[in-house]
**Student:** 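Below are the structure tokens for one structure; questions will follow.
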Amino acid sequence: MTGIIPMKLNEFNKYISFAVKEYANEKFEAGTWGKSNALENAEQTYNRLLPNGLATTGN
């Protein structure tokens, strides 16, 4: 049986660090964002999607 368990803060921090960098790299490689602003854009995107981090309702 598959279930969903809440993510712990240390797990979330590992995930978000990886996810932001990976998203920035994907956008850069696709030509969507330049290298100089890709990481900042990715951070802004994740901050908009998860404004309260791990505590964001519905995520």
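Only heavy atoms go into these numbers, but all of them, side chains included; no hydrogens, no water, no symmetry mates. Since the model is a prediction, treat every value here as computed from it, not as a measurement.
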**Student:** Residues two or more places apart in sequence or in another chain: which of them pass side chain to side chain donor-acceptor pair (under 3.5 Å) with Asn25?
**Tutor:**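 Applying side chain to side chain donor-acceptor pair (under 3.5 Å) to Asn25 gives Glu29.
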**Student:** Show the nearest heavy-atom pair for residues Leu50 and Ile16, with the distance to one decimal.
**Tutor:**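 Looking at all heavy atoms of both residues, the shortest contact is CD1-CD1, 4.0 Å.
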**Student:** Specify the closest pair of heavy atoms between Tyr46 and Ala19, including all atoms of both residues, with the distance to one decimal.
**Tutor:**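 So the minimum-distance heavy-atom pair works out to OH-CB, 3.5 Å.
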**Student:** Under the side-chain contact (heavy atoms from CB on, under 4.5 Å) test, which residues partner Lys21, sequence neighbours left out?
**Tutor:**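 Partners of Lys21 by the side-chain contact (heavy atoms from CB on, under 4.5 Å) criterion, ordered by chain and then number, come out as Ser17, Leu39.
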**Student:** Give the minimum heavy-atom separation between Thr56 and Gly53, together with the two atoms involved.
**Tutor:**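 Where Thr56 meets Gly53 most closely, the heavy atoms are OG1-O, 2.9 Å.
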**Student:** With rounding to the nearest 0.5 Å, note down the distance linking CG in Leu49 to OH in Tyr23.
**Tutor:**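 Answer for the CG-OH pair, Leu49 versus Tyr23, is 7.5 Å.
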**Student:** Quick one: list whatever passes side-chain contact (heavy atoms from CB on, under 4.5 Å) with Lys35, sequence neighbours left out.
**Tutor:**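 Result, side-chain contact (heavy atoms from CB on, under 4.5 Å) vs Lys35: Phe28.
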**Student:** Of all the heavy-atom pairs spanning Glu11 and Lys8, show the shortest one and how long it is.
**Tutor:**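 Looks like OE1-N, 2.7 Å.
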**Student:** Who passes side chain to side chain donor-acceptor pair (under 3.5 Å) against Glu40, sequence neighbours left out?
**Tutor:**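 With neighbours one apart ignored, the set is Gln44.
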**Student:** side-chain contact (heavy atoms from CB on, under 4.5 Å) with Leu9: which residues, sequence neighbours excluded?
**Tutor:**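 Only Asn13, Leu54 meet the side-chain contact (heavy atoms from CB on, under 4.5 Å) criterion with Leu9.
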**Student:** Using the side-chain contact (heavy atoms from CB on, under 4.5 Å) criterion, which residues pair with Asn47? Sequence neighbours excluded.
**Tutor:**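 With neighbours one apart ignored, the set is empty.
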